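For reference, the structure is listed below as structure tokens.
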Amino acid sequence: MSPEVPEVGAAPRVWVIVLTHGGAEQITADCIESLLKQDYGALTVLLVDNASFDGSGARLRDRFPDIEYLNTGGNLGYAGGNNRGMRLALDRGAEFLLVLNNDTIVDATCVSWLVRSAQRQPTKLGAIAPKILYFDDPARIWYAGGDYVGFKILGMHRREGELDDPKEAEGLEPITFATGCCFLMPAAAARAVGLFAEDFFSYAEDVDLSLRMNRAGYSMYYQPAARLYHREPPGPVHATPFQIRLRDRNRRRIARRLGAVDRVKFAVWFFPTRMVRLAQYTMKRDWGRVRALVAGMTEQ
């Protein structure tokens, strides 16, 4: 059980951005239901329908008529879809943006913990992230804060796979990587640093945003008292060809914006490891992943 949420200042307006592209209607409905049970009153839930291929976005709009709804008119990817929602929220007076995966279930005090923690921080706050547990193994941690690893251009999860301590004391821990699964971002930081890089489409957009916040002098924190559950399978996950291609391509896009030394460090690690994987997939005749690796190494 989380400790009692501290009361600090007036309740600012928080908009939660929940993105859907279809195929997970009940899962998305469960996420929305958990948001409607939050103990935080100044909360607006925005369902962003990224042109759901099965019409589930419209059905969810009808199922939850009291939440906000936005149809993007096309699949803009994770980055573009969330950006459309965040821009609408900012235009409508949001003071905080909560980016949230639709395959999550949020503890009733999660938003309160994130907001109250944010209110206690200096003005240059970039993001606060909660503790994220596996939905199918809720005693085990998926994310307990994160670190940007420069030579890999990756965001690494702290304590991933470790057993959770449900009595862990609340307290803010500095981080350098906030996962796109869930983070709270002040409107001021969103306007100053910008949103996700839309040309990424999906994958590594949270790494890029975290890096930009770090470089702009915005602090990020992890709050273990704020908790949610992610429908991510425990254990090793084998990336799909689509994920391989976009992750590698997008990391290379980030690398091009780095200094010469950092670019060299990344290249020295990245290309040899890709060639090893290329050989492994070739031996297995996994041509889909072979093509994805080549695309990730060459696409601009």
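Every value quoted in this text rests on a predicted model; they were computed, and no experiment measured them. Index from 1, following the sequence. Just so it is clear, the values below take in all heavy atoms, side chains as well, and ignore hydrogens, waters and symmetry mates.
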field: Separation of Phe270 CZ from Leu154 CG (nearest 0.5 Å)
entry: 10.0 Å

- prompt: With ILVMFWY side chains joined below 4.5 Å, transitively, what does Val237's cluster contain besides itself?
  reply: none

- prompt: Do the non-hydrogen side-chain atoms of Lys265 and Leu258 ever get within less than 4.5 Å of each other?
  reply: no

query: How far apart are the C-alpha atoms of Ile67 and Leu46, what are their side-chain angles, what is the distance that settles it, and do they pass the side-chain contact (heavy atoms from CB on, under 4.5 Å) test?
result: CA-CA 6 Å; Ile67 70 171; Leu46 170 61; over 6 Å; no

- request: Supply the members, apart from Phe201, of the Ile/Leu/Val/Met/Phe/Trp/Tyr cluster built from side-chain contacts under 4.5 Å; use none for a lone residue.
  value: Tyr203, Phe242, Leu246

- prompt: If every non-hydrogen atom of Ala42 is compared with every non-hydrogen atom of Pro12, which pair is closest and at what distance?
  reply: CB-O, 3.4 Å

message: Leu184 vs Leu97, test: side-chain contact (heavy atoms from CB on, under 4.5 Å). Steps then yes/no.
response: CA-CA 6 Å; Leu184 182 79; Leu97 306 172; over 6 Å; no

- prompt: Just by modelled atom types, is the Gly296 backbone N or O under 3.5 Å from a matching donor or acceptor in the Arg252 side chain?
  reply: yes

- prompt: Which distance, rounded to the nearest 0.5 Å, do you find between the CG of Leu100 and the SG of Cys182?
  reply: 5.0 Å

query: So do Ile244 and Tyr281 actually touch side chain to side chain, heavy atoms under 4.5 Å?
result: yes

query: When you measure from the side chain of Asp107 to the backbone N and O of Thr109, does any donor-acceptor pair fall under 3.5 Å?
result: no

Least distance between heavy atoms, Pro186 atom then Phe96 atom: CA-CD2, 3.6 Å

message: Run the side-chain hydrogen bond (donor to acceptor under 3.5 Å, both in side chains) test against Glu95 and tell me which residues pass, sequence neighbours left out.
response: Arg13

- line: In short, Thr298 meets Val294 closest at the heavy-atom pair OG1-O, 2.7 Å

- prompt: Side chains of Gln119 and Arg116: donor-acceptor distance under 3.5 Å anywhere?
  reply: yes

- prompt: For Thr72, which residues count as a side-chain hydrogen bond (donor to acceptor under 3.5 Å, both in side chains) partner, sequence neighbours excluded?
  reply: Asn50

query: Counting distance only, does the side-chain N/O of Ser202 pair as donor-acceptor with the main-chain N or O of Gly77 below 3.5 Å?
result: no

query: Under the side-chain hydrogen bond (donor to acceptor under 3.5 Å, both in side chains) test, which residues partner Asn214, sequence neighbours left out?
result: none

task: Carefully, step by step, assess Val16 and Thr44 under the rule side-chain contact (heavy atoms from CB on, under 4.5 Å).
output: CA-CA 6 Å; Val16 189; Thr44 299; over 6 Å; no

- prompt: Which distance, rounded to the nearest 0.5 Å, do you find between the OG of Ser56 and the CD of Gln26?
  reply: 11.5 Å

message: I'd like to know whether CZ of Arg256 has more than 12 heavy-atom contacts from other residues, nucleotides or ligands below 6.0 angstrom.
response: yes

Side chains of Arg140 and Glu162 in contact at under 4.5 Å (non-hydrogen atoms): no

query: Does any non-hydrogen side-chain atom of Met220 lie less than 4.5 Å from one of Ser210?
result: yes

query: Can you tell me how far CG of Leu47 sits from OG1 of Thr28, rounded to the nearest 0.5 angstrom?
result: 7.5 Å

task: Assess whether side-chain contact (heavy atoms from CB on, under 4.5 Å) is satisfied between Ile132 and Tyr222, documenting all intermediate values.
output: CA-CA 10 Å; Ile132 305 177; Tyr222 158 67; over 6 Å; no

field: Sub-4.5 Å side-chain heavy-atom contact between Tyr221 and Pro174
entry: yes

- prompt: Asp248 and salt bridge (charged side-chain N to carboxylate O under 4.0 Å, His left out): which partner among Arg253, Lys152, Arg274?
  reply: Arg274

- line: Separation between CH2 (Trp15) and CE (Met86), nearest 0.5 Å, reads 13.5 Å

- request: May I ask whether Tyr134 and Ile27 are part of the same hydrophobic cluster, defined by side-chain heavy atoms of I, L, V, M, F, W, Y residues being less than 4.5 angstrom apart, directly or through others?
  value: no

message: If I compare all heavy atoms of Ser112 with all of Asp39, which pair ends up nearest, and what's the gap?
response: OG-OD1, 2.5 Å

Heavy-atom neighbours of Arg263 CZ exceed 12 at 6.0 Å: yes

field: Residue pair Val99 / Met185, side-chain heavy-atom distance below 4.5 Å
entry: no

- prompt: Is there any side-chain hydrogen bond (donor to acceptor under 3.5 Å, both in side chains) pair reaching into residues 185-198, and which pairs are they, with sequence neighbours excluded?
  reply: Asn83-Glu198, Arg87-Glu198

statement: The complete set of ring pair (Phe, Tyr, Trp, His ring centres under 6.0 Å) pairs with one or both residues in residues 21-70, sequence neighbours excluded, reads His21-Phe53

task: Evaluate the side-chain proximity of Thr104 to Asn101: yes if any heavy-atom separation is below 4.5 Å, no if none is.
output: yes

- line: Contacts of Tyr143 meeting ring-ring contact (aromatic ring centres under 6.0 Å, His included) (sequence neighbours excluded), chain-then-number -> His157

message: Would you say Phe177 ends up clustered with Val149 if hydrophobic residues are merged whenever their side chains have heavy atoms under 4.5 Å apart, either directly or through other cluster members?
response: yes

field: Non-hydrogen side-chain atoms of Val207 and Ile254 separated by less than 4.5 Å
entry: yes

Expected list for residues 228-236: side-chain donor-acceptor pairs under 3.5 angstrom, two or more places apart:
unit_1, atom_1, unit_2, atom_2, d
His230, NE2, Asp103, OD1, 3.2
His230, NE2, Asp103, OD2, 3.2
Arg231, NH2, Asp30, OD2, 3.0

- line: Heavy-atom nearest pair, Ser52 first then Gly57, reads OG-N, 3.0 Å

message: Enumerate the salt bridge (Lys or Arg N to Asp or Glu O under 4.0 Å) contacts for residues 49-61, please, sequence neighbours excluded, ordered by first and then second residue.
response: Glu25-Arg59

Atom pair CG (Leu195) and CZ (Arg84), whose distance is rounded to the nearest 0.5 Å: 12.5 Å

Contacts of Asp164 that satisfy side-chain hydrogen bond (donor to acceptor under 3.5 Å, both in side chains) - sequence neighbours left out: Lys131, Arg227

message: Please enumerate all residues that pass ring-ring contact (aromatic ring centres under 6.0 Å, His included) together with Tyr218, with sequence neighbours excluded.
response: none

- prompt: Nearest heavy-atom pair of Thr240 and Arg289: which atoms, and what distance?
  reply: CA-NH2, 4.0 Å

